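Working notes, structure below.
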Amino acid sequence: MSIALDPAGAPDAVPAVLPAPGAVDPPAGRPAAASPPSGTDAWLSSGTVLANPEQTGARRERLLRIAEQKHRVLANLDAEPAQIRAIVVRSGSGEHRGPVPTLLNGGLPWPVTGEITSEYGWRIHPIFQTPEFHTGIDIAASVGTAVRAPADGAVIFSGWMPANGTLVILDHGSGLSTTYSHLSSSAVRVGEHVRKGQVIARVGSTGWSTGPHLFFEIREGGRPVDPSSRRS
């Protein structure tokens with residue numbers, strides 16, 4: 001999900017990806033006639049409202065615009081994880097050896113406390129209803145909840161991406177990094193070094209999000225790893 005990483009450039013407003021059924025389909029119980037009723041009186045008495053050619057053309061153009069926007073949004077959605085990986089790889093923090101620390105194998109403390117509402121792996125996107133590989137986990141938390149660094153690291157990104165909203169990426173060295181998305185605000189700048197437990201951001205619902213939560217990733221050499229893995 002190419003994307004301009006302009007912190008000041010919020011994503012274009014996205015209307016409903018598909019129009020509500022009643023906005024395009026005939027009202028329930030009143031199907032559109034296959035052909036106009038014979039005679040003006042019959043047409044008026046039927047209660048059927050037939051779109052004139054201008055209305056039909058305007059509706060077709062609107063649907064085409066929605067389809068184009070959906071296509072563009074989904075293309076951006078597919079491309080954004082690759083952008084994040086490129087940012088991480090460019091940091092060049094070396095190669096990790098040994099087990100990857102996760103939230104459930106005792107390696108990392110949780111950046112926020114909350115329930116996991118969407119696991120790592122394949123899922124149906126909650127907004128676009130398309131299959132996607134979820135490269136991290138969603139942790140439910142209220143807006144403004146402090147997000148804390150689970151380990152020492154350097155800030156290699158702090159800004160905006162269309163899907164992830166306000167985003168912070170930390171490089172922890174030896175090829176390990178973590179990402180924090182849909183934030184209401186960031187408390188750090190690129191190049192800053194942070195300590196374990198330091199507040200780096202606040203939970204929000206920015207970008208393509210259905211509600212307040214933290215989207216959290218662990219990456220090894222730029223590749224996502226399941227943050228809830230118990231393997232050690």
Side-chain angles (χ1 to χ4, degrees), residues 1-18 66 69-88 103 110-120 123-130 132-150 153-171 177-192 194 198-219 222 224 227-228:
M1 300 174 240
S2 83
I3 296 176
L5 301 184
D6 179 3
D12 294 337
V14 179
V17 172
L18 293 177
I66 291 173
Q69 189 168 32
K70 180 182 178 183
H71 178 76
R72 184 171 64 252
V73 165
L74 291 177
N76 288 342
L77 181 67
D78 289 339
E80 199 157 296
Q83 285 190 299
I84 292 173
R85 179 174 179 175
I87 291 169
V88 171
L103 302 180
W110 288 59
V112 295
T113 300
E115 177 187 358
I116 297 178
T117 54
S118 188
E119 300 277 358
Y120 175 92
R123 69 171 188 172
I124 299 299
H125 193 282
I127 296 176
F128 304 110
Q129 298 301 302
T130 54
E132 70 155 1
F133 192 86
H134 198 222
T135 53
I137 58 173
D138 291 343
I139 306 173
S142 58
V143 172
T145 300
V147 179
R148 299 180 182 276
V155 181
I156 57 174
F157 185 89
S158 178
W160 174 273
M161 288 190 184
N164 288 272
T166 299
L167 165 69
V168 169
I169 305 177
L170 300 182
D171 182 348
S177 59
T178 52
T179 76
Y180 311 81
S181 298
H182 306 302
L183 306 167
S184 61
S185 63
S186 167
V188 292
R189 299 185 304 275
V190 172
E192 183 176 346
V194 299
Q198 179 178 333
V199 175
I200 58 171
R202 299 280 173 177
V203 170
S205 186
T206 56
W208 297 332
S209 168
T210 57
H213 70 285
L214 175 68
F215 174 51
F216 174 68
E217 291 181 309
I218 298 174
R219 289 177 175 257
S228 58

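Remember, predicted model here, so these are calculated numbers, not experimental data.
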Are any non-hydrogen side-chain atoms of [X] and [Y] less than 4.5 angstrom apart?
X: F216; Y: V112; result: no
X: Y180; Y: L170; result: yes
X: I116; Y: L103; result: no
X: P111; Y: R148; result: no
X: L183; Y: L214; result: yes
X: T178; Y: I218; result: yes

Rounded at 0.5 Å granularity, tell me how far [atom1] in [X] sits from [atom2] in [Y].
X: I156; Y: S177; atom1: CD1; atom2: OG; value: 5.5 Å
X: E192; Y: S158; atom1: CD; atom2: OG; value: 8.5 Å
X: L167; Y: E80; atom1: CG; atom2: CD; value: 7.5 Å
X: S181; Y: I169; atom1: OG; atom2: CD1; value: 7.5 Å
X: F215; Y: S209; atom1: CZ; atom2: OG; value: 11.5 Å
X: T166; Y: R202; atom1: OG1; atom2: CZ; value: 14.0 Å

Shortest non-hydrogen contact between [X] and [Y], atoms and distance:
X: R219; Y: P81; result: NH2-O, 3.9 Å
X: A140; Y: H213; result: CA-CB, 4.2 Å
X: G144; Y: S184; result: N-OG, 4.3 Å
X: S228; Y: E119; result: OG-OE1, 3.5 Å
X: S118; Y: R123; result: OG-NH1, 2.9 Å
X: V203; Y: A141; result: CG1-O, 3.6 Å

Within the side chain of T117, is there an N or O that forms a donor-acceptor pair under 3.5 Å with the backbone of I139?
no
Ignoring hydrogens and angles, tell me if any N or O in the side chain of H182 forms a donor-acceptor pair with the backbone of G207 under 3.5 Å.
no
Give a yes or no on whether E115 atom CD has more than 12 heavy-atom contacts from other residues, nucleotides or ligands under 6.0 Å away.
no
N164 vs I84, test: side chain to side chain contact (heavy atoms under 4.5 Å, CB included). Steps then yes/no.
CA-CA 10 Å; N164 288 272; I84 292 173; 3.8 Å; yes
Start with the C-alpha gap between R85 and T135, add the side-chain angles, then the distance that decides, and say whether side chain to side chain contact (heavy atoms under 4.5 Å, CB included) holds.
CA-CA 11 Å; R85 179 174 179 175; T135 53; over 6 Å; no
Name the orientation class of the two ring planes belonging to F128 and W208 (parallel below 30°, tilted from 30 to 60°, perpendicular beyond 60°).
perpendicular
Centroid separation under 6.0 Å, is that true for the rings of Y120 and F133?
yes
